[in-house]
Amino acid sequence: MMSSGGRADAGTQSEERIAPEFSRRIPLAKTGRPLEEHVEANAEEREGLRKRFGLLSLKELSCTFALRRGAENIVLAEGHIRAEVEQACIITGEPVKEVIDEPFSLRFVPVSEMPDEEDIDIEALLQEDADDVPYDGRMIDLGEAAAEQLALCLTSYPRRAGAGLEQFVEVTPSDDELDARPGAARENPFDVLKKLRKEP
């Protein structure tokens, strides 16, 4: 928490610069009983997220959250994300359409309760069913949580169907195959590829 006026102003300006493109904030007090919330990004918010994640298009993004209070101001969430995106094929650059329709689990944890980076146990973190999302202890941002889930669900290396070198990989003989044929010369994989192209 900033105490001096100048530093507080600087912090406020910093928060304004990094304001999330898609924000739907609800007060912690509202989660005192089980709660269901639905959030959906409008065209302007989707365009901001498109730029943020380097997408060709983001035609839809919505999330449903079932929230319930846990211990020590932790809020547990079972959610479902729906999105339609296009990314550039990593080989051809052509658009690759992807429809995301997946459930997820989250734990909204006060930022004061989050461990320091050096104290994080990566292996234990990977084994947990729910991702931890920090919040300021007063307001939970379901819009930003939806945006982060979108990023997690995106295909890391999108490829258009048929854009690859699968045939080349398949015709390259393994070491075991060569060992099984003593004295046999290693065939040039490019010659094998040429033969395949000539076959009807």
Side-chain angles (χ1 to χ4, degrees), residues 1-55 58-85 98-154:
M1 181 70 67
M2 299 291 185
S3 57
S4 65
R7 293 179 65 188
D9 291 342
T12 301
Q13 291 173 3
S14 176
E15 289 176 1
E16 289 176 354
R17 286 197 300 270
I18 61 174
E21 301 87 347
F22 177 34
S23 181
R24 297 290 187 278
R25 290 162 60 86
I26 64 168
L28 177 65
K30 197 174 179 180
T31 66
R33 55 182 176 78
L35 177 69
E36 287 197 7
E37 292 283 333
H38 178 81
V39 298
E40 185 168 354
N42 61 33
E44 181 179 353
E45 291 164 337
R46 294 197 307 272
E47 175 61 15
L49 292 173
R50 183 196 70 77
K51 294 178 179 178
R52 173 176 168 183
F53 297 131
L55 305 173
L58 176 56
K59 297 180 180 179
E60 178 186 354
L61 173 60
S62 63
C63 266
T64 300
F65 295 85
L67 305 168
R68 59 187 177 87
R69 184 75 69 84
E72 299 179 356
N73 289 335
I74 291 176
V75 178
L76 308 176
E78 296 295 327
H80 198 105
I81 182 172
R82 169 80 185 179
E84 183 177 334
V85 308
E98 181 176 3
V99 175
I100 296 169
D101 191 356
E102 297 184 16
F104 61 85
S105 298
L106 296 178
R107 297 193 326 153
F108 291 94
V109 181
V111 67
S112 59
E113 302 297 325
M114 293 290 289
D116 295 332
E117 289 186 7
E118 58 268 20
D119 296 331
I120 294 176
D121 186 337
I122 299 299
E123 291 186 3
L125 193 64
L126 292 174
Q127 293 176 358
E128 292 186 0
D129 294 331
D131 295 325
D132 285 356
V133 177
Y135 77 102
D136 64 9
R138 300 185 304 275
M139 303 286 287
I140 293 172
D141 195 338
L142 299 182
E144 177 60 13
E148 292 178 2
Q149 282 302 308
L150 172 64
L152 291 173
C153 291
L154 289 172

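On a predicted model such as this, the values are computed, not experimentally measured, just so you know. In this chain, residues are counted from 1 in sequence order.
The minimum heavy-atom distance between Glu78 and Ser105, with the atom names listed, is OE1-OG, 2.8 Å. Nearest heavy-atom pair, Arg46 versus Leu61, reported as atom, atom and distance to 0.1 Å: CD-N, 4.1 Å. Between Cys153 and Glu98, the shortest heavy-atom distance links the atoms O-OE2, 3.5 Å. Residue Ala77 comes nearest to Phe65 through the heavy atom pair CB-CD2, 4.3 Å, listed as atom of the first residue, atom of the second, then distance. Minimum interatomic distance between Phe53 and Leu154 (heavy atoms only, all atoms of both residues): CB-CD1, 4.4 Å. In terms of heavy atoms, Pro27 sits closest to Met139 at CA-SD, 3.5 Å.
Rounded to the nearest 0.5 angstrom, Leu150 CG and Leu55 CG are separated by 6.5 Å. The CD1 atom of Ile81 lies 8.0 Å from the OG atom of Ser62; values are rounded to the nearest 0.5 Å. The structure places CG of Leu58 at 13.0 Å from NZ of Lys51, a figure rounded to the nearest 0.5 Å. Taking CZ of Arg138 as the start and CG of Leu28 as the end, the distance is 10.5 Å to the nearest 0.5 Å. Note that CD of Glu47 is 15.0 Å distant from CZ of Phe22, once rounded to the nearest 0.5 Å. One distance of note links CG of Asp131 with CD of Gln149; it measures 6.0 Å at 0.5 Å rounding.
Judged by distance alone, the side chains of Arg69 and Thr31 do bring a donor and an acceptor atom under 3.5 Å apart.
Of the options Leu67, Asn73, Ile74, Asp132, a side-chain contact (heavy atoms from CB on, under 4.5 Å) to Phe108 is made by Leu67 and by none of the others. Residue Thr64 is tested with Glu37, His80, His38 for a side-chain hydrogen bond (donor to acceptor under 3.5 Å, both in side chains); the sole match is His38.
A 4.5 Å side-chain heavy-atom check between Phe104 and Cys63 finds at least one atom pair inside the cut-off.
Judged by distance alone, with hydrogens and angles left aside, the side-chain atoms of Glu45 form a donor-acceptor pair with the main-chain N or O of Asn42 at under 3.5 Å. Between the Arg68 side chain and the Pro34 main chain, no donor and acceptor come within less than 3.5 Å of each other.
Taking a cutoff of 4.0 Å between a charged side-chain nitrogen and a carboxylate oxygen, Arg107 and Glu72 do not qualify as a salt bridge.
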